[in-house]
**Student:** 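Please read through the structure below; I'll follow up with questions.
Just so it is clear: chains get the letters A, B, ... in the order the sequence lines come, proteins before strands, and each one is counted from 1.
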Protein chains: 2
Amino acid sequence: MATGRTHRPATRSRGIPEATVARLPLYLRALTALSERSVPTVSSEELAAAAGVNSAKLRKDFSYLGSYGTRGVGYDVEYLVYQISRELGLTQDWPVVIVGIGNLGAALANYGGFASRGFRVAALIDADPAMTGKPVAGIPVQHADALEDIVRDNGVSIGVIATPAGAAQQVCDRLVGAGVTSILNFAPTMLTVPDGVDVRKVDLSIELQILAFHEQRKAGEDAAADSGMPAPAAVKGAAAAAAAMDEADPKGTDGEAPAVMPA
Amino acid sequence: MATGRTHRPATRSRGIPEATVARLPLYLRALTALSERSVPTVSSEELAAAAGVNSAKLRKDFSYLGSYGTRGVGYDVEYLVYQISRELGLTQDWPVVIVGIGNLGAALANYGGFASRGFRVAALIDADPAMTGKPVAGIPVQHADALEDIVRDNGVSIGVIATPAGAAQQVCDRLVGAGVTSILNFAPTMLTVPDGVDVRKVDLSIELQILAFHEQRKAGEDAAADSGMPAPAAVKGAAAAAAAMDEADPKGTDGEAPAVMPA
DNA sequence: TATTGTGAATCAATTCACAGCT
DNA sequence: AGCTGTGAATTGATTCACAATA
């Protein structure tokens with residue numbers, strides 16, 4: 001993710017800003033919707049509105065990819081869909097494995113978006129022997145012992161971790177050892193990986209906490225402004241309540257990480 | 001989210017950078033782990049390593065909250081846990097409703113993190129009458145007709161949308177109409193909300209696409225460098241393949257959005 | 001005429017580096 | 001002696017505003 005090497009001088013100089021890369025999927029989704037409605041062209045203004053960004057930002061983003069628009073007219077929808085798909089690497093097939101088939105892993109396996117263009121669920125892996133062979137989303141769950149073989153046999157380079165926090169690092173190490181170089185982590189823990197391996201993290205509790213912060217700001221900062229804990233003195237216990245949040249696996253039918261994804 | 005008002009002059013001048021707010025939950029998690037191991041103090045260096053950031057950034061972040069450390073020593077773990085919890089608004093109870101109890105909604109409902117400090121699942125809501133009354137994670141699912149009553153009766157200000165994309169905007173409108181001012185959206189669609197309402201989005205397909213981009217960069221840009229679609233001419237069809245990804249609900253036992261969250 | 005593509009200006013976030021305290 | 005807190009420098013992202021052009 002942060003290895004700043006200087007590769008090919010092709011098409012356009014490399015170095016699309018990370019912020020731009022993160023928005024390309026947004027544009028692609030909006031363009032796809034237009035494509036389905038057979039809209040032939042869009043202006044930066046229209047497309048920006050559909051993607052929820054402003055048009056100057058969108059044009060600047062596209063300028064990193066090349067000059068794919070026509071002045072006075074706009075962008076050819078189909079052509080842009082193709083160019084962005086290619087830029088994102090979606091014109092090829094990416095086999096992924098999902099490790100940890102609990103509530104969340106199952107939800108991910110059932111996600112329609114996986115099965116469509118670009119990504120393919122190559123295997124579902126779980127450490128619980130009782131799960132082995134059980135079909136989830138039509139795919140039989142395989143035991144964790146076979147992880148390395150599965151990754152190698154399928155040429156998997158993207159792994160999804162949906163295990164409990166305690167197992168995540170170990171699973172990560174095994175995935176990386178077997179050749180995976182991109183990881184999507186749903187477990188609420190920081191993963192340590194060697195250079196050259198990308199990790200993206202999706203964490204519901206963090207998203208909720210950020211919302212709570214803003215919500216608090218809105219609700220007025222009057223009520224219960226200051227109630228205790230005046231100085232870094234002996235405050236043991238009181239704060240410990242805020243703990244528990246992450247780690248551990250309180251209730252939950254089985255333990256894994258909730259996932260992220262749309263219908 | 002972007003309303004730049006100038007509120008209370010209390011404790012410290014308002015205006016914690018958004019990037020800092022987004023990292024506070026990370027620090028909180030690391031501190032919580034230290035707290036559980038009864039570690040009394042940490043240096044910025046140690047805590048930064050545990051949270052996966054560098055120490056200068058962490059110190060700068062904390063400087064926005066106030067001077068909670070001790071030079072030559074470090075930070076008091078319990079005290080910092082308390083201060084960050086308070087800053088994030090986690091010292092109060094936030095009732096949340098989850099709308100759309102499919103694969104993903106159920107995974108979210110079962111997520112342990114919800115039940116612990118700060119957030120409480122006040123209700124589960126689904127539009128399917130067959131779901132009504134069925135307990136999920138010990139909480140009976142209620143019908144969507146009761147949405148407004150549920151939100152008002154429970155004083156809910158945070159809503160989680162885990163419905164199919166097609167229903168998301170309508171659900172969002174109803175939540176906002178009933179008084180919800182913060183929304184966590186798992187549906188793969190852009191939501192339009194009035195000023196003063198925050199939306200955070202979690203989207204697996206976007207995360208995967210970002211990973212694919214970096215993966216492609218690593219794999220060498222040789223193979224299949226350029227295969228077709230030379231100009232913005234007649235390219236109908238070819239690119240349409242990249243579509244389908246989002247929207248719609250291909251397979252999937254029932255249709256909702258996968259979720260995001262840890263064990 | 002309408003709309004892109006992009007330098008220049010602005011704003012935000014990160015990192016440096018060190019003075020100030022304990 | 002060690003570590004925080006923070007101005008100053010730097011790097012990165014966004015927005016402005018307009019010349020280029022189909």
Side-chain angles (χ1 to χ4, degrees), chain A residues 1-4 11-24 26-27 31 34 39-77 79-80 83-84 87 210 231-233, chain B residues 1-4 11-24 26-27 31 34 39-77 79-80 83-84 87 210 231-233:
Chain A
M1 204 125 181
T3 36
T11 316
R12 199 126 280 264
S13 73
R14 230 24 26 211
I16 297 177
E18 194 55 35
T20 294
V21 171
R23 280 188 296 266
L24 292 180
L26 236 55
Y27 301 144
L31 284 163
L34 291 171
V39 175
T41 60
V42 257
S43 66
S44 60
E45 201 65 61
E46 295 164 329
L47 184 53
V53 303
N54 75 36
S55 65
K57 192 186 286 180
L58 178 144
R59 288 200 304 278
K60 178 68 88 180
D61 283 343
F62 286 178
S63 79
Y64 294 118
L65 310 183
S67 288
Y68 296 145
T70 306
R71 291 168 202 245
V73 178
Y75 300 92
D76 181 284
V77 172
Y79 186 59
L80 246 197
Q83 291 299 345
I84 294 178
E87 198 63 57
I210 295 171
Chain B
M1 201 126 180
T3 36
T11 314
R12 197 126 283 264
S13 73
R14 229 31 16 219
I16 297 177
E18 194 55 34
T20 295
V21 172
R23 279 188 296 267
L24 292 181
L26 237 55
Y27 302 144
L31 284 163
L34 292 171
V39 175
T41 61
V42 256
S43 67
S44 61
E45 202 65 61
E46 295 165 329
L47 184 53
V53 303
N54 73 38
S55 64
K57 193 186 287 181
L58 177 144
R59 287 200 303 280
K60 178 67 90 180
D61 282 343
F62 286 178
S63 80
Y64 294 118
L65 308 184
S67 288
Y68 296 144
T70 305
R71 290 167 203 246
V73 178
Y75 300 92
D76 180 283
V77 172
Y79 187 60
L80 247 196
Q83 290 300 342
I84 295 178
E87 198 63 58
I210 295 170

**Student:** What heavy-atom pair brings B:L26 and B:A51 nearest, and what distance separates the two atoms?
**Tutor:**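 Scanning both residues, the minimum pair turns out to be CD2-O, 3.7 Å.
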**Student:** Roughly, in whole Å, what's the span from CD1 in A:I16 to P in D:dT14?
**Tutor:**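 Atom CD1 in A:I16 sits about 14 Å away from atom P in D:dT14.
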**Student:** Rounded to the Å, how far apart are A:L65 CG and C:dT6 P?
**Tutor:**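 Roughly 11 Å, once rounded to whole Å.
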**Student:** Using whole Å, what does the distance between atom C1' of nucleotide C:dC16 and atom NZ of B:K60 come to?
**Tutor:**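 It works out to 10 Å between those atoms.
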**Student:** Taking CG from B:L80 and P from D:dT4, how many angstroms apart are they, rounded to a whole number?
**Tutor:**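 So the CG-P distance, B:L80 to D:dT4, works out to 11 Å.
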**Student:** Let's see if you can work this out: which of D:dA13, D:dT15, C:dG5 has an atom nearest to the side-chain heavy atoms of A:N54?
**Tutor:**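 Comparing D:dA13, D:dT15, C:dG5 against the side chain of A:N54, the answer is D:dT15.
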**Student:** Output the rounded distance in Å from CG (B:D61) to P (C:dA13).
**Tutor:**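 Distance check: B:D61 CG to C:dA13 P gives 10 Å.
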**Student:** Which residues within residues 43-53 of chain B lie with some heavy atom under 4.0 Å of an atom in DNA chain C?
**Tutor:**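 Nothing qualifies; none.
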**Student:** Check whether any side-chain N or O of B:Y68 sits under 4.0 Å from OP1 or OP2 of D:dC3, and answer yes or no.
**Tutor:**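 B:Y68 to D:dC3 OP1/OP2: no side-chain N or O under 4.0 Å.
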**Student:** Tell me what B:F62 touches on the nucleic acid: a base, only sugar-phosphate, or nothing, going by heavy atoms under 4.0 Å.
**Tutor:**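 B:F62: no heavy atom of the nucleic acid under 4.0 Å.
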**Student:** To the nearest 0.5 Å, tell me how far A:D61 CG sits from A:Y27 OH.
**Tutor:**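 With rounding to 0.5 Å, CG (A:D61) is 3.5 Å from OH (A:Y27).
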**Student:** Of all heavy-atom pairs between A:T41 and A:E46, which one has the smallest distance, and what is that distance?
**Tutor:**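 Shortest heavy-atom contact: O-OE1, 4.4 Å.
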**Student:** Which nucleotide in the set D:dC18, C:dA13, D:dG5 lies at the smallest distance from any side-chain heavy atom of B:S63?
**Tutor:**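 When the side chain of B:S63 is considered, D:dG5 is the closest of D:dC18, C:dA13, D:dG5.
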**Student:** Heavy atoms, side chains only, cut-off 4.5 Å: are A:L34 and A:Y75 in contact?
**Tutor:**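 They are not in side-chain contact.
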**Student:** Rounded to whole Å, please give me the gap between CG in A:L58 and P in D:dA13.
**Tutor:**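 Rounding to the nearest Å, CG of A:L58 and P of D:dA13 are 17 Å apart.
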**Student:** Is there a side-chain contact between B:L47 and B:F62, using heavy atoms and a 4.5 Å cut-off?
**Tutor:**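 Yes, their side chains come closer than 4.5 Å.
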**Student:** Testing the basics here: between A:S55 and A:S44, what is the closest heavy-atom pair and its distance to 0.1 Å?
**Tutor:**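 Reported closest heavy-atom pair: CB-O, 3.8 Å.
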**Student:** Looking at the side chain of B:Y64, which of C:dA13, C:dT14, D:dT14 is the nearest nucleotide?
**Tutor:**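 Among the listed nucleotides, the one closest to the side chain of B:Y64 is C:dT14.
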**Student:** Would you please indicate yes or no on a ring centroid separation below 6.0 angstrom for B:Y79 and B:Y68?
**Tutor:**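 Yes; B:Y79 has its ring centre under 6.0 Å from that of B:Y68.
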**Student:** Return no unless some side-chain N or O of B:R59 is found under 4.0 Å from OP1 or OP2 of C:dT14.
**Tutor:**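 Answer no for this pair, as no side-chain N or O of B:R59 is under 4.0 Å from OP1 or OP2.
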**Student:** Consider the side chain of A:A19, meaning its heavy atoms from C-beta on, and name the nucleotide among D:dG7, C:dG5, D:dT14 that approaches it most closely.
**Tutor:**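 Within the option list, the nearest is D:dT14.
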**Student:** For B:R71 and A:K57, take the nucleotide of DNA chain D holding the closest heavy atom to each; which residue's nucleotide lies nearer the 5' end?
**Tutor:**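 With B:R71 and A:K57 compared, the 5'-side residue is B:R71.
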